[in-house]
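To start, the structure under review is shown below, and the notes come after it.
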Amino acid sequence: MAKKRDEERPAVSLREITSENLRMVLALRVSEEQKQAYPRSNAYSIAEGHYPRDSDPVWMRAIYADEAPVGFIMTSEARENGEYFLWRLMIDQNHQGKGYGSAAVGLLVARIEASGNGRYLVTDHLEEDGNAGSFYTRHGFRYTGEVLSEGELVMRRDLNGRDVR
């Protein structure tokens, strides 16, 4: 029975954002209740990714379920140090709770680990968004104890079997 359920589950992939899918990615939205914890639109994030504050490369992808865009993911990557920052992860309000965010994080971790230099993946979330903390904890992230200037709680996942504490 579980095998049949897996066969029906859409395949999740991370795809480049292009002129062909940009409008669909920009149309993705979180719910009104989530806007406090996820205040940046995908349009803002894409613009910010093209003009980052530091020199670390930014990697952005649309999250697809089969052939439909359902979310957005963005990292800042200090590859020479093996430091990766999960800057944005959003799943459209109509596609949440279907495992797409989990699959996207898994694909991201696999991509970084395949590079061979990934030491850790860091992310943060606002304290008001308690669901984000439990989501990231389920995916191997742990709180570092660091709190950023705007109240973001920092979490880190060690990669490639490394424990860098």
Side-chain angles (χ1 to χ4, degrees), residues 10-96 98 100-129 131-133 135-136 139 141 144 146-157 159-160:
V12 176
S13 59
L14 305 179
R15 299 187 190 176
E16 187 174 356
I17 299 169
T18 66
S19 59
E20 287 80 32
N21 66 5
L22 177 63
R23 288 180 191 260
M24 292 182 287
V25 173
L26 296 179
L28 300 171
R29 301 274 186 265
V30 295
S31 68
E32 284 301 316
E33 300 81 45
Q34 293 172 308
K35 285 186 180 177
Q36 176 79 15
Y38 193 87
R40 307 283 192 249
S41 68
N42 288 344
Y44 182 95
S45 295
I46 291 168
E48 191 173 32
H50 281 287
Y51 302 99
R53 292 183 206 151
D54 57 33
S55 61
D56 292 337
V58 173
W59 185 82
M60 297 178 273
R61 292 293 184 268
I63 302 168
Y64 271 72
D66 286 337
E67 295 304 312
V70 298
F72 173 77
I73 192 166
M74 181 167 90
T75 61
S76 175
E77 304 183 346
R79 296 177 189 133
E80 66 282 355
N81 300 328
E83 300 170 5
Y84 294 77
F85 180 73
L86 177 53
W87 198 354
R88 300 280 195 276
L89 173 65
M90 75 80 65
I91 301 296
D92 181 83
Q93 62 185 337
N94 298 315
H95 299 284
Q96 293 178 8
K98 299 176 182 178
Y100 301 146
S102 294
V105 169
L107 291 169
L108 174 64
V109 168
R111 173 188 164 268
I112 295 169
E113 289 185 333
S115 75
N117 76 330
R119 292 176 49 223
Y120 53 87
L121 177 61
V122 176
T123 195
D124 62 42
H125 70 89
L126 294 170
E127 191 168 4
E128 295 86 29
D129 189 12
N131 290 340
F135 171 85
Y136 288 120
H139 292 58
F141 289 81
T144 66
E146 183 180 2
V147 180
L148 301 179
S149 62
E150 295 184 22
E152 302 98 342
L153 306 174
V154 178
M155 300 182 81
R156 184 181 77 199
R157 176 182 169 157
L159 299 171
N160 288 315

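The chain is numbered in sequence order, starting from 1. Every heavy atom of this structure was used, including side-chain atoms; hydrogens, water molecules and symmetry mates were not. Quick caveat: nothing in here was measured; it's all calculated off a predicted structure.
- Side-chain contact, Glu20 with Thr18: a donor N or O sits under 3.5 Å from an acceptor N or O.
- The side-chain hydrogen bond (donor to acceptor under 3.5 Å, both in side chains) check on Glu150 picks up nothing, with sequence neighbours excluded.
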Atom pairs and distances, side-chain donor-acceptor, residues 57-71, under 3.5 Å, sequence neighbours left out:
from, atom 1, to, atom 2, distance (Å)
Tyr64, OH, Asn21, ND2, 3.2
Asp66, OD1, Ala11, N, 2.9
Glu67, OE1, Arg15, NH1, 3.1
Glu67, OE2, Arg15, NH2, 3.1

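- Annotation for Asn42 and Met90: closest pair OD1-CG, 3.3 Å, computed over non-hydrogen atoms.
- Sorted pairs that involve residues 100-109 and meet salt bridge (Lys or Arg N to Asp or Glu O under 4.0 Å), not counting sequence neighbours, are lacking altogether.
- Taking CZ of Phe85 as the start and CG of Leu121 as the end, the distance is 9.0 Å to the nearest 0.5 Å.
- Judged as a side-chain hydrogen bond (donor to acceptor under 3.5 Å, both in side chains), and not counting sequence neighbours, the contacts of Glu48 are Arg88.
- Not counting sequence neighbours, the partners of Ala78 by the side-chain contact (heavy atoms from CB on, under 4.5 Å) test are Asp56, Glu80, Asn81, Glu83.
- Under the salt bridge (Lys or Arg N to Asp or Glu O under 4.0 Å) criterion, no residue pair touches residues 38-47, with sequence neighbours excluded.
- Summarising the geometry of Asp54 relative to Ser76, their closest heavy-atom pair is OD1-OG, 4.3 Å, with the distance given to 0.1 Å.
- Rounded to the nearest 0.5 angstrom, Leu14 CG and Leu107 CG are separated by 4.5 Å.
- Residues forming a ring-ring contact (aromatic ring centres under 6.0 Å, His included) with Phe72 (at least two apart in sequence, or on another chain): none.
- Here the shortest heavy-atom pairing between Ala104 and Leu89 reads CB-CD1, 4.4 Å.
- In this structure, Phe135 and Ser102 approach most closely via the heavy-atom pair CE1-OG, 3.6 Å.
- Residues satisfying the side-chain hydrogen bond (donor to acceptor under 3.5 Å, both in side chains) test with Arg111, not counting sequence neighbours, are Glu77.
- Here the shortest heavy-atom pairing between Ile112 and Gly118 reads CG2-CA, 3.9 Å.
- In this structure, the separation between CG on Leu108 and CD1 on Ile73 is 4.5 Å, given to the nearest 0.5 Å.
- Annotation: ring-ring contact (aromatic ring centres under 6.0 Å, His included) contacts of Tyr84 (sequence neighbours excluded): none.
- Going from atom OH of Tyr100 over to atom OG of Ser13 covers 11.0 Å, rounded to the nearest 0.5 Å.
- Separation of atoms CG (Leu126) and CG (Leu153) is listed at 8.0 Å; rounding is to 0.5 Å.
- Residues forming a side-chain hydrogen bond (donor to acceptor under 3.5 Å, both in side chains) with Glu32 (at least two apart in sequence, or on another chain): Lys35.
- For the pair Met74 and Ser45, the tightest heavy-atom approach, listed with the atom from each and the gap, is SD-O, 3.4 Å.
- Not a single ring-ring contact (aromatic ring centres under 6.0 Å, His included) links His95 to another residue, sequence neighbours left out.
- A distance of 4.5 Å separates OH in Tyr136 from CG in Leu86, rounded to the nearest 0.5 Å.
- Although no hydrogens or angles enter the test, the distance criterion places no donor-acceptor pair under 3.5 Å between the side chain of Arg156 and the main chain of Thr144.
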